[in-house]
Amino acid sequence: MGTITIIKGDITLITADAIVNAANTTLLGGGGVDGAIHRAAGRELLEECRKLNGCETGEAKITQGYNLPARFVIHTPGPIWKGGTCNEEQLLKNCYYNSLCLAEQYGCETVAFPSISTGVYHFPLEKAASIALRTIQNYLKTSHTIKEVLMVCFSDQVREIYSEALLKQSMEK
Ligand code: ADP
């Protein structure tokens with residue numbers, strides 16, 4: 001079974017078959033990790049994204065990685081946190097699940113995720129970490145292609161919360 005590794009870092013520097021972008025539904029770039037990925041990948045990424053006609057929240061679309069060390073970028077718009085009554089948890093789960101499905105379809109063995117929706121979209125971090133890790137773990141049980149999933153945390157605080165959530169999850173079984 002594939003493994004989950006939690007690291008602190010900048011996802012634009014990660015060498016993986018695919019990195020995941022916490023995009024918005026236009027897929028035309030934005031702030032946070034989305035802006036960083038577009039800056040590092042270059043104009044060609046935006047040009048390819050323009051042809052995709054956006055993406056619904058929780059769905060995922062794939063492009064080349066261009067100037068990034070990663071071969072592919074999987075773009076998934078996370079849910080905006082509105083208090084938890086607008087299906088946010090299911091939509092966040094869909095982001096991870098649909099991104100992994102796409103990675104598998106494209107034969108990716110290593111996939112790196114940022115902490116989707118926990119920046120300007122304000123999804124509560126602990127809840128997001130638990131949903132992310134559980135969805136990835138469940139996916140890895142059945143995947144024959146994906147060998148390693150990296151959770152790339154941008155700060156020590158985020159890394160600690162994901163590490164605690166992973167530990168908690170491993171003790172539940
Ligand atoms: P969202 O709109 O989905 O909330 P953000 O980009 O605002 O997306 O934030 C998602 C997470 O990505 C936050 O934890 C933020 O600190 C983190 N982040 C920002 N830049 C990077 C980067 N270069 N690499 C990895 N994570 C990043």
Side-chain angles (χ1 to χ4, degrees), residues 4-43 45-46 49 52 54-100 102-103 108 110-136 148-166:
I4 303 178
T5 308
I6 295 165
I7 59 163
K8 181 185 162 188
D10 176 347
I11 203 164
T12 66
L13 304 176
I14 300 289
T15 303
D17 294 316
I19 63 167
V20 177
N21 180 15
N24 58 50
T25 54
T26 69
L27 297 186
L28 298 179
V33 70
D34 193 7
I37 288 173
H38 275 272
R39 276 193 300 279
R43 293 289 306 174
L45 178 63
L46 184 61
C49 282
L52 299 177
C55 183
E56 287 184 28
T57 301
E59 302 299 312
K61 293 191 177 176
I62 193 165
T63 64
Q64 300 296 315
Y66 300 101
N67 296 335
L68 291 164
R71 182 153 165 241
F72 297 111
V73 180
I74 294 170
H75 306 262
T76 183
I80 299 170
W81 182 258
K82 294 174 182 161
T85 55
C86 298
N87 210 27
E88 294 95 323
E89 296 192 21
Q90 182 63 47
L91 289 168
L92 187 64
K93 188 175 167 182
N94 295 351
C95 287
Y96 285 93
Y97 179 79
N98 288 322
S99 297
L100 289 166
L102 207 46
C108 298
T110 52
V111 183
F113 281 95
S115 175
I116 298 169
S117 283
T118 64
V120 296
Y121 283 1
H122 291 302
F123 203 107
L125 193 50
E126 280 168 31
K127 209 186 272 291
S130 137
I131 292 167
L133 296 169
R134 186 161 303 286
T135 309
I136 295 166
E148 186 173 34
V149 175
L150 285 177
M151 269 308 315
V152 183
C153 303
F154 206 47
S155 67
D156 285 320
Q157 187 225 1
V158 174
R159 187 183 45 76
E160 275 160 28
I161 286 177
Y162 276 81
S163 299
E164 276 165 30
L166 188 61

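In what follows, every heavy atom counts, from backbone to side chain, and hydrogens, waters and symmetry copies are set aside. Every value quoted in this text rests on a predicted model; they were computed, and no experiment measured them. For ligands, and for the atoms within them, numbers begin at 1 and follow the listed sequence. For the single chain, residues carry numbers from 1 onward in sequence order.
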Do me a favour and list the nearest non-hydrogen protein atom to [atom] with residue, atom name and distance?
atom: atom 14 (O) of ligand 1; answer: T118 OG1, 3.5 Å
atom: atom 8 (O) of ligand 1; answer: A22 CB, 4.0 Å
atom: atom 12 (O) of ligand 1; answer: V33 CB, 4.0 Å
atom: atom 24 (N) of ligand 1; answer: I11 N, 2.9 Å
atom: atom 3 (O) of ligand 1; answer: S117 N, 2.8 Å
atom: atom 10 (C) of ligand 1; answer: S115 O, 3.2 Å
atom: atom 23 (N) of ligand 1; answer: D10 OD1, 2.9 Å

Pick whichever of L125, V120, T12 has a heavy atom sitting closest to atom 2 (O) of ligand 1.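 The residue whose heavy atom sits nearest atom 2 (O) of ligand 1 is V120.
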
F113, F123, F154, Y121: member with heavy atom nearest to atom 21 (C) of ligand 1: F154

So, applying side chain to side chain contact (heavy atoms under 4.5 Å, CB included) with [X], which one of [options] is it?
X: I6; options: E164, M151, E160; value: M151
X: T57; options: N87, I80, L91; value: L91
X: I19; options: L150, V152, I37; value: I37
X: H75; options: L45, V20, L102, N24; value: L45

With heavy-atom distances below 4.5 Å as the criterion, would you say the side chains of L27 and T63 are in contact? no

Is there side-chain contact between I116 and T76, with heavy atoms separated by less than 4.5 Å? yes

List the residues meeting side chain to side chain donor-acceptor pair (under 3.5 Å) with S99, not counting sequence neighbours, and say none if there are none. none

Is there any N or O on [X] that sits under 3.5 Å from an N or O of ligand 1?
X: A36; answer: no
X: G119; answer: yes
X: H122; answer: no

Looking at residues at least two apart in the chain, or sitting in another chain, which of them share a side-chain contact (heavy atoms from CB on, under 4.5 Å) with D10? T12, L13, F154

Non-hydrogen atoms of A41 and Y66 that approach each other most closely: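 The answer is O-CB, 3.4 Å.
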
Any atom of ligand 1 sitting under 4.0 Å from a heavy atom of G78?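 No; G78 lies far enough from ligand 1 that no heavy-atom distance drops under 4.0 Å.
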
